[in-house]
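Computed over heavy atoms, backbone and side chain alike; hydrogens, waters and symmetry mates excluded.
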Amino acid sequence: MLGTTLNRKKHRRVSYVIRASDEGRHRSGINSIALSRRGDLLFSAGRDATTRCWNTANPKAVCERTYDGHTDWVNDVVVMSDEATLVTASSDTTIKFWNIANETCTATLKEHGLDRDVYIWDTVALQKPVAQMPDSQFRRCEGHKDSVYCIATNNDGKLVVSGSTERVSTHAIGLIRLWDPRTGERTGRLKGHTDNIRCILLSEDGTKCISGIACHAEPFSHVVPGSSDATIKIWDIGQQRCIQSIAIHTDSVWSIALDPQNLNLFSGGRDCNIFCTDLRTLDSTLLHKSSDPVTKLLLSPARSLWVSTVSADLQFLDVDPPLARERASRSTRSKPSVHSITTVGPRRSIGSSGVGQDVPDENLVPLLPTPTYVIKGLPAIIKHDFLENRRCVLTEDTAGDVALWDVTKAQKIQEFGKVDFQQTRKSLEKELLVPAWCSVDCKLGSLTVNLDFPQVFSAELYANDAGFPHTPELEETKMNVGFRILRSLLKRWLQGRRGRPQGQHAGACNGWLLISCEQTGRRR
């Protein structure tokens, strides 16, 4: 009985990320961005497991704040209406609430998993003391049969739409479901895409039915999703059908942004192109061609455009003046514009839905050849190799620089510059073979060292081989590498916990980020 009980007990993994304490920039791709209401603060959610805050008045400076507590990619970030709380969602299946001013984590929601459901949370209840919280702080909307990739709501919060990879026919996937957030019940569904729905927007007036393809005077009242079949579809909520299909991209559409006042629809995605479509005339202008696939577009209060990509850079596009000039001169030109393509006129029908779609013009010239300015990120580690001594790791980053790291010291010990990775690896081969007491990955763009039980205690070395100075006292002394690392990590974590203000999240300490997860690999 005792043996059975021990076998069922879940072992935990302890990991630490080696990063400089003063990095100040993202080291991997940026999945999402959000702005404060005034547009003076920009928040970016990165694949390096951090969320950063930037002062848009001084975009060339390093970030002002870092919210460090997730253990995997941060996929989305939202600023709450009180302008004091930040919400982040991560691939570690948690949602975290942060105090924007002091960078502390105030709540962590762990109900989510890979469950294909939509959760509607009561954020007011979450801010109450535990003893005063109601029995349930969320409403669960069940119905999707596959992964949910995007969700949106209108201003009054009476309608929620979600897009998934749900199969709707033999040859088509991608379904949008409509929900009543007050009851959690399904109120309808929209189908017509042939691939994964990656982004979705809901108009300000989600209850108004509009049968036309554009609205000149009244608020635009449609769902505007983008998908991996390279189309953007406009849906009429009342009729629950597609009323317009726009095909200007040559690959997956990953992000869309709507300017309801001017009826401009901005779109970007895997093809690196950023378009602006006038929903009154359906003319599309190629604003900019990014060097990397676009993950998020965000319209500022001044109608400028913030852009995040799969690189660590943030781009700013001042689109309003050149776009106004382009449209003003379009009516006076006899020849077609080199920046724009019209979606009015003859169409060709493709796909099983039979909806006509336009052929993108590959010869379009970007209206803005370069961004107005760029917040540069740091190069991410993309390749690594553990040396035979199980202390040193050779890495190569996106800039082509090769470096050597010591995982027992959690620091870089040598830089080789832009050299051949394999040749450098061969020159560092060691005769000393040490058992694999840890594993290393670079999923976050930095080195993450994973310690699993019982392998973490499998390596014993003489002190001199472990990197200690050669002294007679230590010549015959053996030590357990994993034990010393764990003791050092937990000591640093405890010191940081004691030294921080009450309620502050414990995570990074002197450039080390301590995290733990189950043996199955799901991090918490």
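Contact between Thr56 and Leu42 at its shortest, heavy atoms only, is CG2-CB, 3.7 Å. Closest heavy-atom contact between Asp92 and His70: OD2-ND1, 3.2 Å. Between Ser446 and Val17, the shortest heavy-atom contact is CB-CG1, 3.9 Å. Shortest non-hydrogen contact noted between Val77 and Ala34 is O-CB, 3.6 Å. Heavy-atom minimum distance, Pro301 versus Leu35: CD-CD1, 4.3 Å. Heavy-atom minimum distance, Lys233 versus Cys242: CB-SG, 3.9 Å.
Under the salt bridge (charged side-chain N to carboxylate O under 4.0 Å, His left out) criterion, the residue pairs touching residues 303-317 are Asp259-Arg303, Asp313-Lys376, with sequence neighbours excluded.
Contact check for Leu109 versus Thr94: no side-chain heavy atoms found under the 4.5 Å cut-off. Contact of the Asn273 side chain with the His288 side chain is not registered, since no non-hydrogen atoms from C-beta on lie closer than 4.5 Å. By the 4.5 Å heavy-atom criterion applied to side chains, Phe266 and Leu317 are not counted as neighbours. Between Cys63 and Arg25 there is no side-chain heavy-atom pair separated by less than 4.5 Å.
Atoms OG and CG, from Ser255 and Asn31 in turn, are 11.5 Å apart once rounded to the nearest 0.5 Å. Put simply, CG on Leu86 and CZ on Phe43 are 5.5 Å apart, with the number rounded to the nearest 0.5 Å.
The backbone N or O of Ala436 sits nowhere less than 3.5 Å from a side-chain atom of Gln455 that would complete a donor-acceptor pair. Judged by distance alone, with hydrogens and angles left aside, the side-chain atoms of Asn480 form a donor-acceptor pair with the main-chain N or O of Phe457 at under 3.5 Å. Of the possible polar contacts, none joining the Asp251 side chain to the Arg270 backbone as a donor-acceptor pair under 3.5 Å is found. Checking side-chain atoms of Ser28 against main-chain N and O of Gly445 turns up no donor-acceptor pair under 3.5 Å. Remark: the backbone N or O of Trp254 is not paired with any side-chain donor or acceptor of Ser252 at under 3.5 angstrom. A donor-acceptor pair is defined here as one N or O able to donate and one able to accept, closer than 3.5 Å; such a pair exists between the side chain of Thr153 and the backbone of Leu159.
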Worked verdict on Asp406 versus Lys412 for salt bridge (Lys or Arg N to Asp or Glu O under 4.0 Å): CA-CA 6 Å; Asp406 189 329; Lys412 186 188 298 183; over 6 Å; no
Test salt bridge (Lys or Arg N to Asp or Glu O under 4.0 Å) applied to Arg177 and Glu166, step by step: CA-CA 10 Å; Arg177 290 195 181 273; Glu166 198 168 332; 2.7 Å; yes
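Defined by atom type and a distance below 3.5 Å, a donor-acceptor pair is missing between the side-chain atoms of Asp68 and Thr66. Side-chain polar atoms of Trp98 and Thr104 form no donor-acceptor pair below 3.5 angstrom. The closest side-chain donor-acceptor pair between Ser147 and Thr165, if any, does not fall under 3.5 angstrom. Under 3.5 Å, the side chains of Thr395 and Trp405 contain a donor-acceptor pair of N or O atoms. Using modelled atom types, one finds a donor on one side chain and an acceptor on the other under 3.5 Å when comparing Asp441 with Asn450. Neither side chain, Ser32 nor Asn75, offers a donor N or O lying under 3.5 Å from an acceptor on the other.
The pair Arg27-Asp48 fails the salt-bridge criterion, with no side-chain N (NZ, NE, NH1 or NH2) lying under 4.0 Å from an Asp/Glu carboxylate O.
In this structure, Arg390 is positioned above the aromatic face of Phe386, its NZ or CZ under 6.0 Å from the six-membered ring centre and within 45° of the axis. For Lys96 and Tyr67, the positive end is not near the middle of the six-membered ring at less than 6.0 Å and at most 45° from its axis.
Residues that satisfy the ring pair (Phe, Tyr, Trp, His ring centres under 6.0 Å) test with Phe316, not counting sequence neighbours, are Trp306, Tyr373.
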